[in-house]
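Just so you know, these numbers use all the heavy atoms, side chains as well, and skip hydrogens, waters and symmetry mates. Each residue takes its place number in the sequence, starting with 1.
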Amino acid sequence: MTDTRPDRPKLDADSEAAREGHAAVERLVEELQAGLDRHDADLYDRRFADDVFWGSPFGETVAGYGPLHAIHARFQARGVAAASRFEIVRVAVPAPGVAIAQVRRIAGGAAAEPTAAAPTTAATTTAEGVPNAAAFSEMALYVLVRKDGDWWLAAGQNTPIRPPA
């Protein structure tokens with residue numbers, strides 16, 4: 001059955017709010033890239049709200065900046081977060097002060113192509129049994145919210161990139 005509702009809204013609009021949202025996503029991605037390149041979890045997590053929701057590519061959920069930052073700090077210190085590059089795929093701004101973005105993390109650095117996730121094995125985990133993010137590329141869905149003049153990451157969900165079926 002086809003839904004033929006004539007009142008279905010288009011939420012993303014070309015406006016000053018949209019330009020601001022796009023710029024906020026660009027800043028977030030620049031900081032994620034710089035934090036990863038420098039192995040600096042403080043910079044990587046700089047725009048994460050205190051009550052951020054986070055979904056890992058392995059099905060884990062984390063609530064709050066403190067627990068998430070501790071994970072990222074461990075990954076950075078142990079070198080689990082290896083060379084990758086981030087690229088913005090799409091940004092929508094459904095309301096002033098809210099931006100939703102799809103961002104691809106491509107494992108392997110500047111010239112790499114997306115690497116599909118493989119089943120978790122000894123080759124794709126660290127010595128501690130933690131899945132190695134360098135072993136695959138992923139797509140993230142980020143939600144940013146402007147509060148008191150600054151943009152904050154309210155939620156992120158990472159999904160491994162898998163080969164087409």
- CZ of Arg46 to NE2 of His69: how many Å apart, nearest 0.5 Å? 13.0 Å

- Stepwise, does the side-chain contact (heavy atoms from CB on, under 4.5 Å) test hold for Val91 with Ile100? CA-CA 6 Å; Val91 177; Ile100 303 167; over 6 Å; no

- Treating Ile, Leu, Val, Met, Phe, Trp and Tyr as nodes and any side-chain heavy-atom pair under 4.5 angstrom as an edge, say whether Ile88 and Val143 lie in one connected cluster. no

- Item | Validation row: Leu28, Trp151 side chains within 4.5 angstrom (heavy atoms) | no

- Verify same cluster id: Val145, Val52 (apolar side-chain graph, 4.5 Å): no

- Before giving the answer on side-chain contact (heavy atoms from CB on, under 4.5 Å), spell out for Ser56 and Val62 the whole-Å C-alpha distance, their side-chain angles and the decisive distance to 0.1 Å. CA-CA 8 Å; Ser56 87; Val62 180; over 6 Å; no

- Query: Would you say Asp40's side chain and Leu43's backbone share a donor-acceptor pair under 3.5 angstrom?
  - Reply: yes

- Query: Does a salt bridge link Glu138 with Arg104, judged by any charged N lying under 4.0 Å from a carboxylate O?
  - Reply: no

- Message: For the CH2 atom of Trp54 and the CD atom of Gln157, what is their distance to the nearest 0.5 Å?
- Response: 9.0 Å

- Message: Using the rule that Ile, Leu, Val, Met, Phe, Trp and Tyr join whenever any side-chain heavy atoms are under 4.5 Å apart, tell me whether Leu68 and Leu141 fall into a single cluster.
- Response: no

- Note on the structure: Heavy-atom nearest pair, Pro94 first then Ala92, reads CD-O, 3.5 Å

- Residues that Arg38 engages under salt bridge (Lys or Arg N to Asp or Glu O under 4.0 Å), provided they are two or more places apart: none

- Task: Check whether any side-chain heavy atom of Phe136 sits under 4.5 Å from a side-chain heavy atom of Pro57, and report yes or no.
- Result: yes

- Mind running side-chain contact (heavy atoms from CB on, under 4.5 Å) on Asn158 and Met139 for me, showing each step along the way? CA-CA 6 Å; Asn158 295 295; Met139 182 70 77; over 6 Å; no

- Residue pair Ile71, Arg74: steps toward the side-chain contact (heavy atoms from CB on, under 4.5 Å) verdict: CA-CA 5 Å; Ile71 292 166; Arg74 266 195 326 273; 3.6 Å; yes

- Considering all heavy atoms, the nearest Ser84-Ala107 contact: OG-CA, 3.7 Å

- Identify whether the distance between the nearest side-chain nitrogen and carboxylate oxygen of Glu30 and Arg27 falls below 4.0 Å. no

- Query: Taking C-beta and beyond as the side chain, do Val103 and Val89 meet within less than 4.5 Å on heavy atoms?
  - Reply: no

- Examine Trp152 and Phe86 and state if one hydrophobic cluster contains both, with Ile, Leu, Val, Met, Phe, Trp and Tyr joined whenever side-chain heavy atoms are less than 4.5 Å apart. no

- Message: Grouping I, L, V, M, F, W and Y whenever their side-chain heavy atoms are under 4.5 Å apart, do Tyr65 and Tyr142 come out in a common cluster?
- Response: yes

- Query: Is the backbone of Gly55 close enough, under 3.5 Å, to the side chain of Thr61 for a donor and an acceptor to pair up by distance?
  - Reply: no

- Query: Do the ring planes of Phe75 and His72 sit parallel (below 30°), tilted (30 to 60°) or perpendicular (above 60°)?
  - Reply: tilted

- Would you check if Gln76 and Tyr44 make a side-chain contact, meaning some heavy-atom pair closer than 4.5 Å? yes

- Query: Does the side chain of Val98 come within less than 4.5 Å of Val93's, by heavy atoms?
  - Reply: no

- Results of salt bridge (Lys or Arg N to Asp or Glu O under 4.0 Å) for Asp150 - residues two or more places apart only: Arg47

- Message: Quick check against the 3.5 Å criterion: does Glu20 have a side-chain atom that pairs as donor or acceptor with the backbone of Pro96?
- Response: no

